[in-house]
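A short worksheet on the structure shown next.
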Amino acid sequence: MSDPRHPTPLKTINPDLAAERASLPFSPLAITHFLDGGASNTERRRRLESWIIRDPSGVFSNEDNNYMHRTERHTRALAKFVRLVELCRAAGIGSNNESTNANTPKSAIQHIEGEIIASPEFYTLISAISDDPLPPSLHWVMFVPNILTLCDAEQQAHWLPLCRDWKMIGCYAQTELGHGSNIRALETTATFLKESEGGAPGGEWIIHSPTLTSWKFWPGTLGKTANYAMVIARLIDGEKMDRGIHNFLVPLRSTKDHTLLPGVETGDIGPKIGYNNMDNGYARFDSVKIPRRNMAMRFARVDEEGSYITMMQVRAYIIHSSNEALAMACTIAIRYSAVRRQGYNTDNDDNNEFQVLDYRQQQYRLLPLLAASYAIYFTGRHVLDRLKYIENQLVAGATTITKTVVGDIHATTSALKSFATTFTADGIEDCRKACGGHGFLVCSGLVELSNTYLQSCTVEGDNHMLPQQVIKVLLKLVEKVQSGDVDALKEYAQTDMGYLIEPLQKLVENASVSGTPTKSSFAFPSSATHDHFLDTSMLLVAFQHRTACLLLDVAMQLQSSMEMSSPQQAWNDCLLSMSRASRAHACYLLLRDFSNGLEHERKKGPSSCLGDNEIAVLSQCLTLLALYWMDQHLSDFLQIQCLDSSHIPLLRKALLGVMTKLRPSAVGLCDARDFSDFRLKSALGRYDGDVYPAIINAARNDPLNKESQNGGVGLGYDESLRKLIVGGVGEYGKGAGSANKGVSGTMSRL
């Protein structure tokens, strides 16, 4: 298959990378096709990416990103987006959106014809741009989905065409200066003003920020780009009663000249660690009047559930995108580790240095991260599919989506978002460190990747707070197990929590006899060999029981603590235990979905893009990841007595063996992700491995070098440095001459 992104074949490939690729036991392209959903999809994705890479306007170039002020980057990012829309319109992207689908309920979410953001090609192009998120991103990530989910048919008929034509560019304004994911504590008000009390015909809403802490703060796209916002506010009805949280569509700026409307103040919140293309903003509303019909009206009552659905949608996308961010970091670090050589091999006399990737500690740092990127891919795909189904069913009014089902997907997305983003952020940083000194260079690509990704750990729920939401849901299952509620357990069995029922039942049954509820009913046999630790099904059972034990431990601790203190203090005392249980739940879900995904492909046989060799190497990734997490969280497994100290050497021997098997496949597993050099933006992670010339070229292109005077004289020499070298202001014993003019008397005496 030809690659339109690179019409001219590479002339040379680093010999180490070439050797790695020549000895692969599987086809990276087969995995690429699987990840894309088929060979034709790979071909189409590459063609779309070529539009960005080879666009004659040059606006998509990222070569100068590292040398730009954020104001320049924001401005150019807007230019990139406008050019992207032009390309999409010219190519007819979005023109074939189907208004109906035989498998979709009639009242389910539907995009209108011509809507670019409804097309998968749009998201391929967004990824291909390979820059910080573009300023209007929240328009399609949260604003339009809110209109589709929460607004009625009449509202959609009015607003969606404006969104499609980019006359309305919106954001989602929930977070306030004083409150984030604690939706019930939001302070912004939407007070209904009756027509009889001076309101417009039919009444209207007054959007107001009553305190400094009620100012909206952090929403992306809000600062300078959006002209509308979906504002989350407290509804104060005509009888002055607080009716809780609702969604209101609030105009921010004129659609003619983009000036702020009366009563609205917005702006950018300032420089951040990363994400600096994006105008994260603040907003203050001073009694801004909006029509009565600007409240989202699909449901008669919109409470916290409406906002939670939106947050779950975004969390699901964050989870799925983590796989790509981690895979990019691994691709850079693993390719560089194959090219970089350090330390002579004393076992022979050829004076060749070791490839850094052959060192065991480097393999332990990188290979589990690579395996995890594939695990997160499988889980991310599963969560997105499941959430889309639930969302469509809810919008269609289906009664099959109960509170148990919604609570379960909420717990799943919360646990996975917390764990996967923390693991990915730490993993990207580990990849940077694994590249040694050159990893500290911005041209490594890892610095920008890390800084851009870091926000994922905080946005849509702080990772250290989300486990509480997970445990609140899981504890309800514990209650049903303890009470023996058969009907409820049948419903739970169909959810992601279903795996916990059987081990919890055994633990609860044993607790009444032994009083040791945290002792696992499953344990590796005392006669175990390292082969037991290569049995994936046995490893998965161990992870199931780990979650069950840690969860029941939380329940018992809460019960015990409440006998001695208030419920709130008891809950606070259990937070650390909750984090461990939530992490265990996330680990199991990731391993389960990875395993289920591979089994599904295995059953498809020849119709799968993955052959036996590809499934075998991905199965090695699954085993390695399970062993790695077991080794990393060893104390959990020892605490529940699933393992004892005699098992530790066997576990680590098995882990070492899997790393040995996977090592020859590492570069190929990175190549399978099919990241172009344009997307990686890395001197270290180049496909051809030509690392050192790329580092030097990046250094030469720094403005500090390019803007030097003739002869290589650096900026600032004439103004400052010349005074030292030529002027003699630093000469010892020069005396109190003209150099001391202006120095205070006290300083002179010193």
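A side-chain donor from one of Arg340 and Tyr692 sits under 3.5 Å from a side-chain acceptor of the other. Side-chain contact check for Thr124 and Arg46: no donor-acceptor pair (N or O, by modelled atom type) lies under 3.5 Å. When only modelled atom types and interatomic distance are considered, Ser61 and Glu63 share no side-chain donor-acceptor pair under 3.5 Å.
Evaluated for a ring-ring contact (aromatic ring centres under 6.0 Å, His included) with Trp140, the options Tyr172, Tyr317, Phe81 yield exactly one hit, Phe81. Checking Gln362, Arg365, Gln355, Gln363 one by one against Ser337, the side-chain hydrogen bond (donor to acceptor under 3.5 Å, both in side chains) holds for a single residue, Gln362.
Take Val459 and apply the side chain to side chain contact (heavy atoms under 4.5 Å, CB included) test, not counting sequence neighbours, and it matches Ile318, Gln455. For Glu49, the salt bridge (charged side-chain N to carboxylate O under 4.0 Å, His left out) partners at least two apart in sequence or on another chain are Arg5, Arg45. For the side chain to side chain contact (heavy atoms under 4.5 Å, CB included) test, residues two or more places apart in sequence or in another chain that qualify with Asp718 are Gln709, Arg722. Asp671 meets the salt bridge (charged side-chain N to carboxylate O under 4.0 Å, His left out) test with Arg21, Arg335; sequence neighbours excluded. Qualifying ring-ring contact (aromatic ring centres under 6.0 Å, His included) partners for Phe419, counting only residues two or more places apart in sequence or in other chains: Phe423, Trp629. For the side-chain hydrogen bond (donor to acceptor under 3.5 Å, both in side chains) test, residues two or more places apart in sequence or in another chain that qualify with Thr421 are Asn463. Listed by chain and residue number, nothing satisfies the side-chain hydrogen bond (donor to acceptor under 3.5 Å, both in side chains) test with Ser130 (two or more places apart in sequence, or in another chain). The salt bridge (charged side-chain N to carboxylate O under 4.0 Å, His left out) search around Arg663 returns Glu20, Asp358, not counting sequence neighbours. For Ser682, there are no side-chain hydrogen bond (donor to acceptor under 3.5 Å, both in side chains) partners, not counting sequence neighbours. Looking at residues two or more places apart in sequence or on another chain, you find a side-chain hydrogen bond (donor to acceptor under 3.5 Å, both in side chains) between Lys272 and Asn280.
Taking every heavy atom of both residues into account, Asp268 and Met278 meet most closely at OD2-O, 4.0 Å. Nearest approach of Ala325 to Tyr453, heavy atoms of both residues: CB-CD1, 3.8 Å.
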Pair Leu138, Phe143 - check side-chain contact (heavy atoms from CB on, under 4.5 Å), show working. CA-CA 6 Å; Leu138 272 292; Phe143 182 72; 6.0 Å; no
Does Trp51 form a side-chain contact (heavy atoms from CB on, under 4.5 Å) with Phe60? I'd like the steps, not just the answer. CA-CA 10 Å; Trp51 294 2; Phe60 295 116; over 6 Å; no
I'd like a table of donor-acceptor pairs (distance under 3.5 Å, sequence neighbours excluded) in which one partner is a side-chain atom from residues 85-93, with atom names and distances.
from: Glu86; atom 1: OE1; to: Arg83; atom 2: NH1; distance (Å): 3.4
from: Arg89; atom 1: NH1; to: Gly114; atom 2: O; distance (Å): 2.9
from: Arg89; atom 1: NH2; to: Gly114; atom 2: O; distance (Å): 3.2
from: Arg89; atom 1: NH2; to: Arg164; atom 2: O; distance (Å): 3.1

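Residue pairs meeting the salt bridge (Lys or Arg N to Asp or Glu O under 4.0 Å) criterion with at least one partner in residues 433-455, sequence neighbours excluded, are Arg73-Glu448, Glu448-Lys681.
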